[in-house]
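Both backbone and side-chain heavy atoms feed into the values below; hydrogens, waters and symmetry mates do not.
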Amino acid sequence: MVSKISSPTLLEALSSDFLACKICLEQLHKPKTLPCLHTYCQDCLAQLDLGGQVRCPECREIVPIPPEGVAAFKTNFFVNGLLDLVKARAPGDMHSGKPTCALCPLVGGKSSGGPATARCLDCSDDLCQACADGHRCSRQTHKHRVVDLVGYRAGWYDEEARERQASQCPQHPGETLLFLCQPCSQLLCKDCRLGAHLDHPCLPLAEAVRSRKPGLEELLAGVDSNLTELEATRVAEKEALAQLREQAASVGTQVEEAAERILKSLLAQKQEVLGQLRAHVEAAEEATRERLAKIEGQEQVAKAAAAFARRVLSLGLEAEILSLEGAITQRLRQLQDCPWTPGPTRCLLPKLELHPGLQDKNCHLLRLSFEESKQSRKDNVKGGASTQGRDEAPSQGERAESGKQGETQPLCKDGASTPKEGKAQSSQEDDEVQIERGNRSNKKRKGKGRGKPVSREPSPILRPNLEGSSLLPRPVFSWSFPTRMPGDKRSPRITGLCPYGPQEILVADEQNRVLKRFSLNGDYKGTVPVPESSSPCSVAALQNAVAFSANARLYLVSPEGEVQWRRSLSLTQSSHAVAAMPCGDRVAVSVAGHVEVYKKDGSLATRFIPGGKASRGQRALVFLTTSPQGNFVGSDWQQNSVVFCDGLGQVIWEYKGPGLHGCQPGSVSVDKKGYIFLTLREVNKVVILDPKGSLLGDFLTAYHGLEKPRVTTMVDGKYLVVSLSNGTIHVFRVRFPDS
């Protein structure tokens, strides 16, 4: 059974933002309705003209502009009628602010009317008490509905006034729309009826509504049915995502525990093997020392006997030689025949024998497998697996070439993975497979420019700065720490970073809806409270205040969490980048391609589009930061570039070079010397540009421990703080050779 959505009341339509333009955020003026049923001011639509077409700011549907211009879009008479009710509530006298009678100036030549106390709903005029009494006594107006003005302005008679309200013909002022031309589907007054539509079949408005309203209600019921299905699908998608996150968290814990067990076992084996090695060497040394002592003693005895015999033979007389000849002969023969010289000593040299699996590059001690959830299997049984589901389900599981869900490849001998054909693939083939998988994943990305394949070209080699007196900076690893705290219900998703006081940073954890404070070495300092139900996206620290964007709003709060002011931002942008000005008393925020700068008291200081009005609608600044000199650096996803402009929006330089690898430019940070550090998340790099916008090469890569970097910030102009997708933060000291 399809659940019907309750119809809005007139009071709700008048009191909500239904009558506000979503572009200028003011009350609608000359409301024009697009084919997607979204209504905007005529002048606001004219500003969105993109060469004969306009993109709806809410649903992003592209609509061609009629040849006559945006004025040819359908006029929203429904909104005009509601606006008339709203305008009628306003005071009639602009100077005194008090309503005056509309008939008194017409009677007796009075310059102004008396105080109004009643209103005629049929004439839409405010009346004084005398004119109201006379209005009821006139033959032509005695049936008119005259009500108390105070009650009317309080909204007591809105429904009745709405029923008596007549739509005016835009071609003939003062005439009421009475007919519908059936062939032209155009509303006509009596003058229009007697003109070009004289021969056309026309119906009174009430009869036309009665004939067409059932068809609209039937279509509306069908849309309500679709909305019910969409709501059920949305709930199922959220439940599936929650189940995925819960399972991923569980598997992540298992991975941590398994890795810890493996590391403990490996460390224990390390100590055991090293102990065996030490024992073997010590035993061998002891045995060798004993043999050496014995050899040295025998060597001394032999040397002494030989020296004595040699001395007798060279210096003795014949009689002396002959007298000692027997003793010398016996001793030398004894030493010569004695087996005192040992044979070659057996020496057992140690050799490390690694497990065969550890020497195989395809061996994975930890490996993931994927299987469909129970709900997905039920859905596939009911309706069959869709092509989209088959394309998206494998994602990381595409490595299982067999295509069977939940099946892992067999391990090679002693635990390593074996290819199906019985021989290892070459490294070139592995690289081709990885590149092909990367291209397939890039094709699935949505949005302009996201379908481009990621380039694997090498970045330019870091070269010396020929103009300055110093060479390029290099990273020096300082600290690394996690941002997940015991009170977090979900894994952190860091969407914003900024310096906060000396040697401290502020972390925007959008997933847990909190602003966390950490020292640079990872000490947790607490939180900055945020309004309930707000999820901080980007964050910047001002003097004794914190600015952050959340849910299409810009907040300024005190360190204790007290909201000082908030400003509504464009609903057409999913995230708004926030950056503090170097002076510390202003904050900049990117809004739909332009930059707004607010003072600390909440007033708008300036607003500009990088490149001027000619660039309107052609930029999308997703990341934003400021330089020490007060200039702005932004990542433009519409132009796929890095733009550098001054405080007035004048573009100083813009980089669109090949070093971006076909990626959308990510987070940007600027050090004290003006070097710009650009994050390229898709290729796992942070590259460096010089102050003039030339790409110098890679600054951080996977070699430095990067794993899907998200956002960065610069602390004290010399510490580059990088957050990873898993919630870990790395801190690098930016060191110049001359520092």
Problem set entry | Closest contact, heavy atoms only, Thr39 versus Pro31 |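 Closest approach of Thr39 to Pro31, heavy atoms only: CG2-CB, 3.6 Å.
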Salt-bridge present ([X], [Y]; N to O < 4.0 Å):
X	Y	result
Glu510	Arg490	no
Arg55	Glu61	no
Lys685	Asp698	yes

Flag, side chain of [X] to backbone of [Y], donor-acceptor distance under 3.5 Å:
X	Y	answer
Asn684	Leu706	yes
Trp637	Pro665	yes
Arg619	His594	no
Thr728	Leu724	no
Lys32	Ala71	yes
Ser725	Lys708	yes
Trp653	Val642	no
Gln543	Cys583	yes
Asp224	Leu227	no
Lys516	Thr483	yes

Exercise. Is there a side-chain contact between Val687 and Leu695 (heavy atoms, below 4.5 Å)?
Worked result: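 Sidechains of Leu695 and Val687: in contact.
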For this session: Could you tell me whether Tyr40 and Phe73 have their ring centroids closer than 6.0 angstrom?
Result: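 No - the distance between ring centres of Tyr40 and Phe73 does not fall below the 6.0 Å cut-off.
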For this session: For the residue pair Arg553 and Ser568, confirm or rule out a side-chain donor-acceptor distance under 3.5 Å.
Result: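 Looking only at side-chain atoms, Ser568 and Arg553 do not form any donor-acceptor pair under 3.5 Å.
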Exercise. Strictly by modelled atom types, are Ser669 and Thr712 linked by a side-chain donor-acceptor pair under 3.5 Å?
Worked result: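 The answer is yes; a qualifying pair exists.
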Exercise. Out of curiosity, Arg566 CZ to Phe548 CZ, how far, rounded to the nearest 0.5 Å?
Worked result: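 It comes to 8.5 Å.
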For this session: Compute both the distance and the angle, then confirm whether Arg517 meets the cation-pi test with Tyr500: under 6.0 Å from the six-membered ring centre, within 45 degrees of the axis.
Result: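 Here Arg517 fails the 6.0 Å and 45° test against Tyr500.
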Problem set entry | Asp601 atom CG, over 12 foreign heavy atoms within 6.0 Å |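 Enclosed: over 12 neighbouring heavy atoms sit under 6.0 Å from CG of Asp601.
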